[in-house]
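We name chains A, B, ... by the order of the sequence lines, and we start the count at 1 in each one. All values reported here derive from a predicted model rather than from experimental measurement.
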Amino acid sequence: MLLIDLVRTSAAVTADPARLVKIRHLAELLGRVDPGEAEIAISYLSGELPQRNVGVGWASLQDPPEPRLAATATLRQVDDFLDRIKAQAGPGSQAARKTLVTELFGALTRQEQAFLSRLLRGELRQGALDGVMIEAIAKAAEVPATEVRRALTLRGWLPAVGAAALGGGVEALRAFRLEVGRPVSPMLAQSAASVAVALGKIGGLAAVEWKLDGVRIQAHRSGDTVSVFTRTLDDITAQVPEVAEAVGALPSQDLVLDGEVIALRPDGRPEPFQITSGRVSSRTDVATVRGKTPLSVFFFDALRVDGADLLDQPGQIRHAALAEAVPAELVTPRLVTENVESAEEFYRDVIRGGHEGVVVKSLLAPYAAGRRGAGWVKVKPRHTLDLVVLAAEWGHGRREGRLSNLHLGALDPLTGGFVMLGKTFKGLTDELLAWQTERLLALADGPSDAWVVPVRPELVVEIAFDGVQRSTRYPGGMALRFARVLRYRPDKGAAQADTVETVRTLML
DNA sequence: TTCCGACAGTGGGGTCGCAAT
DNA sequence: ATTGCGACCCCACTATCGGAA
């Protein structure tokens, strides 16, 4: 199949907002793709590369060569080219990669270049990713979408599932099983503002569990072999030997467990997330970093124990299997209750212990792999500050032409100036975006460029955030974590904004 | 007819490893 | 030795579509 065929389908998908129409366009294309190119087509049209990453990003795509007029490239040719680009390594690889990118783009039309550029940057923006593609595969292969979804759960990679569906229908999909050593998309949690709300969402008896501020892991064991995967299914076994050792020491030979790794201080309180993250990301000289920053692992779910697949079992059954297979010190602490007061007391204790919050879990829900199902609801404390808008950046995509991303500053009472603590674009409605664009342009002051518009520091905005982290990027040495706009404070002037001292007391 | 679940989009800070400077 | 880049860890929130109620 020619790349241009796929690009035209992508354009049609982008052009129509109706999901059912998007699905029709995608299914039509899948109906005529060669079996040998099905994985590539599904991958591209759901916004990812079969190679996953090839070492080419925004900066490497800045000045594309003159486009061709005739579209001749096939999916297979492009895919082979990306394989070659990915294979570059060592000294001179950046130049070699650049040469290959230029060669590849030089063989494409303008339309193809634009598509591939967005795909490589991970910004396809056609209003269709995995969720829509699942439906399109179901339609093209004439199988129920639930079968596609189930297979994806177990295989973790939609192109393979789609190719199987197109080639072998329901039978081929049912051949996908939970395999020890092959990661499953982890179940995700929804959010709630309070424990009471979370319990209400679950309804009735629920498990209230510590939410640790670490890195999500999935551990697989088959005999003597243990593998550990991240949330995005990357293999990090070598980076977290503590997990391999802990799982390898369990009596059970056949396990798939879901949990969290975290660096704890000697007193048992958690290190800041930055410490855990840095430790887990370290790939060179793991033995040394391990000595300095040991990791602890806590499991909260079991997907397989001793030959029994538990994905479809209710939470209660899975947890019972976990408790059977894993000693209590490796199980995430939790309380089973339907009483709001005891759940809230548990939550307060968790926060006092320095941890991130709780996850309230249904005892009945199956493991909804890869979905933000209603079976798990997380609750975290929220801080707020009144900060001053120092500048704003022009938005992209649907925010084109709107000032979107706000630069936020706290008052420095010593100088009367402002110290920048980070940016946010979250929490803004279309109405607020329109209002702030007009308001900020009226306050514009200083040298603005194509992206950033500095403004007179007069507008006060109430910001919610999860915590204050150490920062090397910002002058105050502090940055807000997960900052989002709650509302503007027209009743406050910049002189009434919160101060850097106040922020500093939160960084503990 | 209204409601709500799922999805896509819009970006945030921090860290590591690697190649280039 | 430092800088820039890509990739990936954590992620919140709003708008929208279309099926459920």
Side-chain angles (χ1 to χ4, degrees), chain A residues 16-23 46-47 52-60 86 88-98 120-135 149 188-191 212-217 230-234 236 239 260-262 272-285 289 356 368 370-374 378 380 382 393 395-400 402 404-408 421-433 463-474 478-486:
Chain A
D16 202 309
R19 283 210 271 271
L20 294 177
V21 177
K22 291 178 192 289
I23 290 165
S46 47
R52 222 175 143 173
N53 57 61
V54 296
V56 173
W58 191 84
S60 322
K86 186 182 173 81
Q88 301 303 313
S93 62
Q94 261 178 35
R97 208 174 266 134
K98 177 82 187 161
L120 284 164
R121 292 193 316 254
E123 298 179 350
L124 196 54
R125 297 173 212 258
Q126 59 179 16
L129 296 170
D130 267 16
V132 173
M133 181 55 85
I134 286 169
E135 302 289 337
R149 215 175 273 283
L188 307 174
Q190 298 183 345
S191 301
L212 294 158
D213 192 10
V215 172
R216 182 86 176 264
I217 53 114
T230 65
R231 200 161 91 81
T232 49
L233 315 188
D234 285 302
I236 54 162
Q239 289 144 256
E260 190 96 359
V261 285
I262 185 168
F273 173 74
Q274 287 157 297
I275 301 291
T276 294
S277 171
R279 168 56 220 280
V280 172
S281 305
S282 293
R283 277 164 286 180
T284 57
D285 205 4
V289 292
E356 193 183 14
R371 318 195 74 184
R372 217 165 269 288
K378 61 182 164 184
K380 298 187 284 185
R382 193 189 76 173
E393 296 176 15
H396 301 85
R398 71 184 303 282
R399 292 191 177 189
E400 180 102 50
R402 299 285 164 83
S404 171
N405 201 3
L406 304 174
H407 295 200
L408 305 167
L421 295 172
K423 310 177 189 178
T424 187
F425 56 90
K426 294 171 182 165
L428 298 162
T429 59
D430 288 354
E431 193 186 356
L432 211 45
L433 277 165
I463 298 295
F465 60 101
D466 278 22
V468 181
Q469 349 175 54
R470 285 188 193 286
S471 171
T472 53
R473 173 181 314 215
Y474 291 110
M478 307 182 286
L480 302 183
R481 192 167 180 210
F482 308 143
R484 59 266 191 192
V485 172
L486 289 182

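- Between dG9(B) and His396(A), no contact under 4.0 Å exists linking OP1 or OP2 to a side-chain N or O.
- Contact annotation: Arg470(A) side-chain N/O to dG14(B) OP1/OP2 distance is not under 4.0 Å.
- Not one side-chain nitrogen or oxygen of Ser471(A) sits closer than 4.0 Å to the OP1 or OP2 atom of dG13(B).
- Residues meeting the side-chain contact (heavy atoms from CB on, under 4.5 Å) test with Leu433(A), sequence neighbours left out: Arg399(A), Arg402(A), Ser404(A), Leu428(A), Asp430(A), Gln436(A).
- Under 4.0 angstrom from either OP1 or OP2 of dT10(B) there lies no side-chain N or O belonging to Asn405(A).
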Please write out the pairs of protein N or O atoms and N or O atoms of nucleotides 17-21 of chain B separated by less than 3.5 Å, giving the distance to one decimal.
residue, atom, partner, partner atom, Å
dG17(B), OP1, Arg283(A), N, 2.9
dG17(B), OP1, Thr284(A), N, 3.0
dG17(B), OP1, Thr284(A), OG1, 3.0
dG17(B), O4', Arg283(A), NH2, 3.3
dA19(B), OP1, Gly90(A), N, 2.5
dA20(B), OP1, Gly92(A), N, 3.2
dA20(B), OP1, Gln94(A), N, 3.3
dA20(B), OP2, Gly92(A), N, 2.9

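- Among the atoms of the strands shown, none is found under 4.0 Å from any heavy atom of Asp213(A).
- At the phosphate of dC9(C), neither OP1 nor OP2 sits under 4.0 Å from any side-chain N or O atom of Thr276(A).
- Contact annotation for Val485(A): no contact, since no heavy-atom pair falls under 4.0 Å across all strands.
- To the nearest angstrom, C1' of dC7(B) lies 11 Å from CG of Asp130(A).
- Residues satisfying the salt bridge (charged side-chain N to carboxylate O under 4.0 Å, His left out) test with Asp234(A), not counting sequence neighbours, are Arg52(A).
- In a base pair of the Watson-Crick type (N1 to N3 plus N6-O4 or O6-N4) or a G-U wobble (N1-O2 and O6-N3), with each distance short of 3.5 Å, dC7(B) is matched with no nucleotide.
- Side-chain contact check for Arg231(A) versus Leu188(A): some heavy-atom pair is nearer than 4.5 Å.
- Every salt bridge (charged side-chain N to carboxylate O under 4.0 Å, His left out) that Arg484(A) has, sequence neighbours left out, goes to Asp466(A).
- No engagement by Glu123(A) is indicated, since no non-hydrogen atom pair under 4.0 Å with the nucleic acid exists.
- Between dC17(C) and Lys22(A), no contact under 4.0 Å exists linking OP1 or OP2 to a side-chain N or O.
- Atom-to-atom, CG of Leu129(A) to C1' of dG9(B) comes out at 9 Å; the value is rounded to the nearest Å.
- Here Ala128(A) lies in heavy-atom contact (under 4.0 Å) with sugar-phosphate atoms only.
- A straight line from CZ of Phe273(A) to C1' of dG13(B) spans 10 Å, rounded to a whole angstrom.
- The CG-C1' distance, from Leu188(A) to dC13(C), rounds to 16 Å in whole Å.
- Side-chain atoms of Glu393(A) never come within 3.5 Å of backbone atoms of Asn405(A) as a donor-acceptor pair (strictly under, hydrogens ignored).
- What you find for Val485(A) and Thr424(A) is that their closest heavy atoms are CG2-CG2, 3.8 Å.
- Listed by chain and number, the residues in a salt bridge (charged side-chain N to carboxylate O under 4.0 Å, His left out) with Arg125(A) are Glu123(A) (sequence neighbours excluded).
- Nearest to the side-chain atoms of Phe482(A) among the listed nucleotides dG6(C), dC11(C), dG11(B) stands dC11(C).
- Judged by closest nucleotide on DNA chain C, Val215(A) is the one of Val215(A) and Arg399(A) placed further toward the 5' end.
- Comparing Arg279(A) and Ser404(A) against DNA chain B, the residue whose closest nucleotide sits nearer the 5' end is Ser404(A).
- Distance CZ (Arg398(A)) to P (dC7(B)): 19 Å, rounded to an integer number of Å.
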Could you go through nucleotides 18-21 of chain C and list every protein N or O atom that sits under 3.5 Å from one of its N or O atoms, giving the distance for each pair?
residue, atom, partner, partner atom, Å
dG18(C), OP1, Arg19(A), N, 2.8
dG18(C), OP1, Leu20(A), N, 2.7

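- Residue Arg97(A) is out of contact with every strand shown, counting any heavy-atom pair closer than 4.0 Å.
- For Ala479(A), the side-chain contact (heavy atoms from CB on, under 4.5 Å) partners two or more places apart in sequence, or in a different chain, are Ser471(A), Tyr474(A).
- Residues satisfying the salt bridge (charged side-chain N to carboxylate O under 4.0 Å, His left out) criterion with Glu135(A), sequence neighbours excluded, are Arg149(A).
- Between Thr472(A) and the phosphate of dG14(B), there is no side-chain N or O to OP1/OP2 separation shorter than 4.0 Å.
- In terms of position on DNA chain B, the residue among Ala374(A) and Ser277(A) whose nearest nucleotide sits closer to the 5' end is Ala374(A).
- OP1 or OP2 of dG14(B) lies within a sub-4.0 Å distance of a side-chain N or O belonging to Arg473(A).
- Each of dC7(B), dC8(C), dG13(B) was ranked by its minimum atom distance to the side chain of Arg149(A); first place goes to dC7(B).
- Atoms CD (Gln239(A)) and P (dA7(C)) sit 16 Å apart, rounded to a whole Å.
- Nucleic acid contact class of Lys86(A) (heavy atoms, under 4.0 Å, all strands): none.
- Listed by chain and number, the residues in a side-chain contact (heavy atoms from CB on, under 4.5 Å) with Leu20(A) are Ile23(A) (sequence neighbours excluded).
- Val56(A) comes within 4.0 angstrom of sugar-phosphate atoms only, judged by non-hydrogen atoms across all strands, and of no base.
- Around atom CZ of Arg470(A), no more than 12 heavy atoms belonging to other residues, nucleotides or ligands sit under 6.0 Å away.
- When the side chain to side chain donor-acceptor pair (under 3.5 Å) test is applied to Lys426(A), no partner is found at least two apart in sequence or on another chain.
- Residue Lys380(A) is classed as a sugar-phosphate contact, given heavy-atom separations below 4.0 Å to backbone atoms only.
- Inter-residue side-chain proximity for Val468(A) and Leu480(A) is flagged as met; some heavy-atom pair is nearer than 4.5 Å.
- Atoms CG (Asn53(A)) and C1' (dC16(B)) sit 14 Å apart, rounded to a whole Å.
- dT14(C) atom C1' lies 15 Å from atom CD of Gln190(A), rounded to whole Å.
- Contacts between residues 423-431 of chain A and DNA chain B, defined by a heavy-atom separation below 4.0 Å, involve Lys423(A), Phe425(A), Lys426(A), listed by number.
- Partners of Gln469(A) under the side-chain contact (heavy atoms from CB on, under 4.5 Å) rule, at least two apart in sequence or in another chain, are Gln274(A), Arg481(A).
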